[in-house]
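Here's the structure, in C-alpha cells; my notes come after.
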Number of protein chains: 2
Amino acid sequence: MLDDRKKKVLQAIVEEYVNTAEPVSSNSIVNNYGLNYSSATIRNEMANLEKTGYLEKTHTSSGRIPSEKGYRYYVDELLKDDNISLEEIKYISEKLETKVNEIEDLTKIATTTISEITHYTTLAIGPSTQGLLIEEIKFVLLGPRMLMAIILTNTGMVKETIIKFDEDVSDKQVETINYMFNQKLKGQPLEVIDLPLEEYLINEMKYSVKVIRPIIEQIKRVVKQDRQLYLEGTNKLFDLPEFNSLEVAKNFVNIIDEKELMTDILNSGFAKDINVYIGDETEKQELKDFSIITFKHKVGDKDLGTIGIIGPKRMDYSKVISVMKYINKKLKDKGT
Amino acid sequence: MLDDRKKKVLQAIVEEYVNTAEPVSSNSIVNNYGLNYSSATIRNEMANLEKTGYLEKTHTSSGRIPSEKGYRYYVDELLKDDNISLEEIKYISEKLETKVNEIEDLTKIATTTISEITHYTTLAIGPSTQGLLIEEIKFVLLGPRMLMAIILTNTGMVKETIIKFDEDVSDKQVETINYMFNQKLKGQPLEVIDLPLEEYLINEMKYSVKVIRPIIEQIKRVVKQDRQLYLEGTNKLFDLPEFNSLEVAKNFVNIIDEKELMTDILNSGFAKDINVYIGDETEKQELKDFSIITFKHKVGDKDLGTIGIIGPKRMDYSKVISVMKYINKKLKDKGT
DNA sequence: ATTAGCAATCGAAAACAAAGAGTGCTAAAA
DNA sequence: TTTTAGCACTCTTTGTTTTCGATTGCTAAT
C-alpha cells in the first residue's frame, strides 16, 4: 500500500506527464503541485516509487514517467471521474439533443462528440446479436426470383437480406415459406438458424432444396455478419508529440487497419461499465504503446453497441472516463 | 513536342525515380538505361527538360525529379499499359473467380487484389443512384408504427428503409399508400422524390401529414444517402520513403480521414475508362503530394461503383494502370 | 525525517569538418 | 553542329567534438 505522500507524488507525476509528455522532475512537482517538501524529499519518494515499480526512468539522469503499474494504480485509485467542465457538459448535452431518425445515428453523434472533446481517435461497433430472439420473419417477393427476408427481433432490431433463386418462386410458395419459417422460428434465439433447421425444413416442406437452402444461407449470413466498425478522428493522434516517432505513427496506422483486432477489443470486457486497457494489458503486442477505453452504451435499455477511444498510454484517463460516464448516463436517460 | 531522345530521358528519369525515390543523376541514366551518350549530353538534355518544365531539381547540385508536367506527359505519351506479369494475371484471375453471393463482394475482392498487387491504398465506393429509375416501391408493415419501404430500380438495385410513426397505421392505409406511391413514382427517376411530390401526395390522399411526411423523408434520405466508402491498406504507404517525412504521413492520414473529399474524387471523372489525377491536378491543396487513379467497374453492364488507389506522386503509374485495365476487362467479361 | 549542496550523468543542440554526389560550363573532339 | 572530357563549384549528408543544462543520487548537516 502506498502512503499518502507517495500517492500524491504518483498522481502529480501522472498528471504532469499526461500534460507535458516530458519526463517529470522532482522540481516541477514541488513548484506546480504544492507539495510542501523539498525537491530532495520528492526525489527520495520517486526513487522509492521506482523501486516498487510505479515509475520508470528514460535514462539515468532524467525525470520519471509512470510505468504501466503506475497508470493502473492511478486509474484504479487516484483518478477523479468528474473532470468535465460546464462548457463540455453543455456541448455534450446539445449534441445528444439532436433529433435523429435512426437510433443508430445517436451512436455516431456520441462517437464524434467524444472524439471532439478528448482529441483521441474513437471507435464504435454496433450491438451484438448475441442472445436476441426472433420475433418474426417476413418475406417479400421482389421479383420472380428475388425474395427479401426481414427479421424482427425482440429488441426491435431489424435485419434484412435479399435472396436470389435459380428458379421462379410463386406467391403461394412464399406464403408457405413464411408460415413454416415463422412456425419454427418465432421466439427462438437467432443462433438457432443452422444446419439441423435446414434439414428439418427441407424435409418438412415439399419445396426443393434449391429454394430453401439459399434462404437459410442468406439468413445465416446476415445474422452472423461482422458488425461495421466506425472510426472517427484517425488523424487526431498525429498531433501528439509521441507521434513524432515514425515507429509509433506507423504502428498506429497498422493497428487501425486491423479491423479484427479492434473489433475483438470492443467486444471484450463485459464486467464493468467502463473498461480501461493500458498498454500491454491487452496482451496484443501491437498495442503496447497505446491505451484503450471502452464502454457499452444503451438508450433506455436498448443495447446500442460499444464505443471506445484509443490514444497513447499517456492518456488523459480522467478526462476520457469523465466524458464517457457523462455520455453514458445521458444516453441511458434518453430512453425514458 | 519532345524529340525522341528527350522522351527517352524523361521516361528513364520517371521510371528510375519511381523505383528509387531518389533524384536521378545523369550518370545513373547512362548506366542503367542504355542510352548511348555521355553523361554530359544527358545533362544537357536534362537542363533543357527542366527549362521546359518537365523536370525539377531539389537543390542546385542534385539530380532531377519529374515535375507534375513530366508525370503527366509520361502517363499520356510514354507509359506502357501492359506492365503486368503472368503471375499477376494468374493471381488476379483466381481471385476474381471466387464464388460470391453478393455481387458487391466482387468489389471488395477487386479492391483487395489491387491493393495487394500495387501496394498502394485502395478506395472503393458503391454505384451512384444518379439516373436510376424506380421500378417499384413495396411497403411492408413491420409493426403498428413501423413500416419498411423497399425501392426497386430498373438496374436491379434494391434500397430499403424503415419508417417509424407517432400513430398507428393500418393495413388498409398501407395498401393505399402503396397504390398511390407506385401510381405516382413507377418509371420515374429516383430524384423525382422531393418537395412537390410531398405536397401532391398530402393533398391527394386524405392521410395526415404525420404519415406521409416521414415516409417521404426517409425515402429521400436513403436515396441520397452517402454511399459507404471502403478503404483498404491504409498502412501500405507507410513503407514508402516519402513517409519518413512526418508532414507527408500526417497529411495522408488527414486525407484518409476526410471521407467527403475521397468520395468527391471517386465520383468525378466520367470521361475516361481510367482517370489519373497527379498531385495538384485535383485542385485540392491536401492532395498535392499524392496521385489518385480511379476507374468505374461493371459486371456485364451492371454498374458496381468506382475503385481508386491513392499513392505518392512518384507512383508506379504503369503498373497500376495495367492492373486496373486487366481487372476492368475481367469483370466486364464476367457478366456475360 | 528532512533538506541543502554538490559531483556525476546523460541528452540535446550547436559548431565544425570532411566526404561525396552531382551539376554547369568551357574548351576540345568528332 | 553535336558530343564529350574535364574540372570547379555547390550543396547535402554524415560524423565528430564541444558545450550547455537539466536532473539525479548521495552525503553531511539540520
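Convention: sequence-line order gives letters A, B, ...; per-chain numbering from 1.
Across every non-hydrogen atom of Tyr17(B) and Pro66(B), the tightest pair is CD2-CD, 3.5 Å. The two atoms that bring Ser67(B) and Gly53(B) nearest to each other are OG-O, 2.5 Å, heavy atoms only.
When the nucleotides dT24(D), dC11(D), dT4(D) are ranked by their closest atom to the side chain of Ala40(B), dT4(D) comes out on top. Across dG25(D), dG24(C), dC10(C), the shortest atom-to-atom separation from the side chain of Glu50(B) is found for dG24(C). Nearest to the side chain of Thr60(B), among dC25(C), dT10(D), dC26(D), sits dT10(D). For Tyr37(B), the listed nucleotide lying nearest its side chain is dT3(D); candidates were dC11(D), dT3(C), dT3(D). The side chain of Ser25(A) sits closest to dT24(D) out of dA5(D), dT24(D), dG24(C).
Note on Lys57(B): every side-chain N or O is 4.0 Å or more away from OP1 and OP2 of dA21(C).
Taking a cutoff of 4.0 Å between a charged side-chain nitrogen and a carboxylate oxygen, Glu56(B) and Arg64(B) do not qualify as a salt bridge.
No side-chain donor from either of Thr118(B) and Lys319(B) sits under 3.5 Å from a side-chain acceptor of the other. Side-chain atoms of Tyr33(B) and Glu16(B) include a donor-acceptor pair closer than 3.5 Å. Side-chain atoms of Tyr317(B) and Ser291(B) form a donor-acceptor pair, as typed in the model, at a separation below 3.5 Å.
Within the 4.0 angstrom heavy-atom criterion, base atoms lie near Asn44(B). Nucleic acid contact for Ser39(A): none, since no nucleic acid atom lies under 4.0 Å from a heavy atom of the residue. No engagement by Thr58(A) is indicated, since no non-hydrogen atom pair under 4.0 Å with the nucleic acid exists.
In this structure, the CG atom of Asn48(B) is 14 Å from the C1' atom of dT2(D), given to the nearest Å. The distance from atom CE of Met46(B) to atom P of dG24(C) is 8 Å, rounded to the nearest whole Å. In this structure, CG of Asp3(A) is placed 10 Å from P of dT2(C), rounded to the nearest angstrom. Note: CG (Leu35(A)) to P (dT3(C)) measures 11 Å, nearest angstrom.
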Protein-nucleotides 14-21 of chain D N/O pairs closer than 3.5 Å?
none

Sub-3.5 Å pairs of nitrogen or oxygen atoms, protein against nucleotides 28-30 of chain C:
none

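No hydrogens or angles were tested; on distance alone, a donor-acceptor pair under 3.5 Å links the side chain of Arg43(A) to the base of dG5(C).
Among Asn83(A), Asp273(A), Asp81(A), Asp82(A), the one residue that satisfies the side-chain hydrogen bond (donor to acceptor under 3.5 Å, both in side chains) test with Lys325(A) is Asp81(A).
In this structure, Phe238(A) and Phe238(B) have tilted ring planes: the angle between them lies in the 30° to 60° band. Aromatic ring pairs are classed by plane angle as parallel below 30°, tilted from 30° to 60° and perpendicular above 60°; the pair Tyr54(A) and Tyr73(A) is perpendicular.
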